[in-house]
Amino acid sequence: MLEFISQPWPWYIAGPLIGLTVPALLLLGNKSFGISSSLRHICAACLPANIPFFKYEWKKEVWNLFFVAGILVGGFVAMQWLSNSEPIQIHPSLVAELSTYGITEISGLLPEQLFTWNSLMTIRGFLMIVVGGFLIGFGTRYAGGCTSGHAIMGLSNLQWPSLLATCCFMIGGFLMANFILPLILSL
Amino acid sequence: MVKEIKNNVVTPANDLDIRLTDAVCVNESQLEHAWYHNLKYLAVGVLFGIVFVKAEIISWYRIQEMFRLQSFHMYGVIGSAVVVGIISIWLIKRFNIKTMYGEQVVIHSKTFNKGQIFGGLLFGLGWAITGACPGPLFAQIGTGVGVIIVTLLSAIAGTWVYGYFRERLPH
């Protein structure tokens, strides 16, 4: 059983499980599935700075912070006790492309050469780690949700603004991955 | 701004309205619970985080493959999650299924604003650079990639900067 769980899970197992998070949170206490809001609650809790956008009772949404803390713990549990030692399978074209940028250490879930404390001091690492993170936080809040809130919760509730947002996420992603990221990776 | 609030207890008067600005997922309950009731969301989060790691949704490579159309995996994950979500919400509405506390399930609807376009594009750029949306950031830190703490702090900073300039941005 444990051996079975330790293999990478296929999409048709993972997708439905993620989909079930929607009714699980609704029925456990009327909570709408969403993750990027947690970043806003952290701002409201730690540094509201008299900004109207952060002046609300964040404690009413504290469940969201418990939820994201759980995700962090889940990541730890999966890595410690449910992982196998097989290297990750990557599409050969992507492997070839990355090798042209000198990225050859590709055994983990993230490229070790890109996401380390040392690379933070390089222009490439700074763009990917710091600027990338900033775009996530700024963009999700501007859009009013992320992949969870819009693409999964919003689409599940048949909200067309969420469909629009999801399409824009994909367009932004396609532009970055195919046209801008190659320039960043060659720095 | 908010046309319909079914649960009428909102203190202070416009607290929910503030939370509803630029957020899809807002929750309002008349019920007051002790803090440990939140542990069940922690438990759901743990299971969710395990799925994230085991299905390699938090992998930078899977996101790159998605945006290069080299793999069906992420499309399968998101697509099947949405199908299960649609069916679940339909069942909840159709049979008026109540929460475990007996409350009616309330989901706020989302109105269009231009932020969904501008913000959506910006987030898409960030998603493809970091290979992560906000959820996977937490899971990646859990798996031990320490430097992602910087990405998360930067995402929090991005959220704060948005809040600061919100009134001056086109919506």
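Just the heavy atoms: all of them, side chains too, but no hydrogens, waters or symmetry mates, feed the values below. All figures in this text were calculated on a predicted structure; none of them were measured in a lab. Below, chain A is the first sequence line, B the second, and so on; all start at residue 1.
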Does any backbone or side-chain atom of [X] lie under 4.5 Å from a heavy atom of chain A? Answer side chain, backbone, both or neither.
X: B:Y164; value: both
X: B:I148; value: side chain
X: B:I156; value: both
X: B:F112; value: both
X: B:I117; value: both
X: B:M74; value: neither
X: B:T143; value: both
X: B:I63; value: neither

Would you say the side-chain atoms of A:N157 and B:K93 include a donor-acceptor pair closer than 3.5 Å?
yes
Can you see which heavy atom on [X] is nearest to which on [Y], and at what distance?
X: A:P161; Y: B:Q116; answer: CB-OE1, 3.4 Å
X: A:S156; Y: B:V82; answer: OG-O, 3.8 Å
X: A:A177; Y: B:R68; answer: O-NH2, 3.2 Å
X: B:M66; Y: A:F174; answer: O-CZ, 4.2 Å
X: A:L109; Y: B:Y61; answer: O-CD1, 3.6 Å
X: A:I90; Y: B:E65; answer: CA-OE2, 3.4 Å

For the candidates [options], which exhibits the highest count of non-hydrogen atom pairs separated by less than 4.5 Å from chain B?
options: A:I184, A:I106, A:L65; answer: A:I106
options: A:V131, A:N64, A:L94; answer: A:L94
options: A:I13, A:I152, A:V130; answer: A:V130

Does a sphere of radius 6.0 Å around [atom1] in [X] hold more than 12 heavy atoms from other residues, nucleotides or ligands, not counting ones at 6.0 Å or beyond?
X: A:Q80; atom1: CD; result: yes
X: B:F72; atom1: CZ; result: yes
X: B:K98; atom1: NZ; result: yes
X: A:I123; atom1: CD1; result: no

Against chain B, label [X] side chain, backbone, both or neither, depending on which of its atoms sit under 4.5 Å from a heavy atom there.
X: A:L17; result: side chain
X: A:L98; result: side chain
X: A:Q7; result: backbone
X: A:L120; result: side chain
X: A:P10; result: backbone
X: A:F115; result: both
X: A:V77; result: side chain
X: A:N178; result: side chain

Test side-chain contact (heavy atoms from CB on, under 4.5 Å) on B:H37 and A:F66 and set out the steps.
CA-CA 10 Å; B:H37 283 254; A:F66 277 82; over 6 Å; no
Hey, are the side chains of [X] and [Y] touching, using non-hydrogen atoms and a 4.5 Å cut-off?
X: A:I171; Y: B:L121; result: yes
X: A:W63; Y: B:H33; result: no
X: A:K60; Y: B:L16; result: no
X: A:L26; Y: B:I97; result: no
X: A:T166; Y: B:I78; result: no
X: A:T147; Y: B:F123; result: yes
X: B:R166; Y: A:I51; result: no
X: A:L181; Y: B:Q64; result: yes

Do [X] and [Y] belong together in a cluster built from hydrophobic side chains that touch within less than 4.5 Å?
X: A:L39; Y: B:F118; value: yes
X: A:W58; Y: B:W35; value: yes
X: B:L152; Y: A:I35; value: yes
X: A:L187; Y: A:L183; value: no

When rounded to the nearest 0.5 angstrom, what distance separates [atom1] in [X] from [atom2] in [Y]?
X: B:L125; Y: A:F138; atom1: CG; atom2: CZ; result: 12.0 Å
X: B:I141; Y: A:L72; atom1: CD1; atom2: CG; result: 6.0 Å
X: A:L127; Y: B:T130; atom1: CG; atom2: OG1; result: 12.5 Å
X: A:L110; Y: B:I58; atom1: CG; atom2: CD1; result: 7.0 Å
X: B:I129; Y: A:I136; atom1: CD1; atom2: CD1; result: 8.5 Å
X: B:Y162; Y: A:F53; atom1: OH; atom2: CZ; result: 5.0 Å

Compute the ring centroids of B:Y75 and A:W11, then answer whether they are less than 6.0 Å apart.
no
Are B:I89 and A:L158 close enough, and set up right, to give a side-chain contact (heavy atoms from CB on, under 4.5 Å), and what steps lead you there?
CA-CA 10 Å; B:I89 290 185; A:L158 307 176; over 6 Å; no
Let me see the working for B:V53 and A:L82 under side-chain contact (heavy atoms from CB on, under 4.5 Å), right down to the final yes or no.
CA-CA 9 Å; B:V53 176; A:L82 302 174; over 6 Å; no
After noting the C-alpha distance and the side-chain angles of B:V44 and A:T21, does the key distance pass the side-chain contact (heavy atoms from CB on, under 4.5 Å) rule?
CA-CA 8 Å; B:V44 177; A:T21 311; 4.0 Å; yes
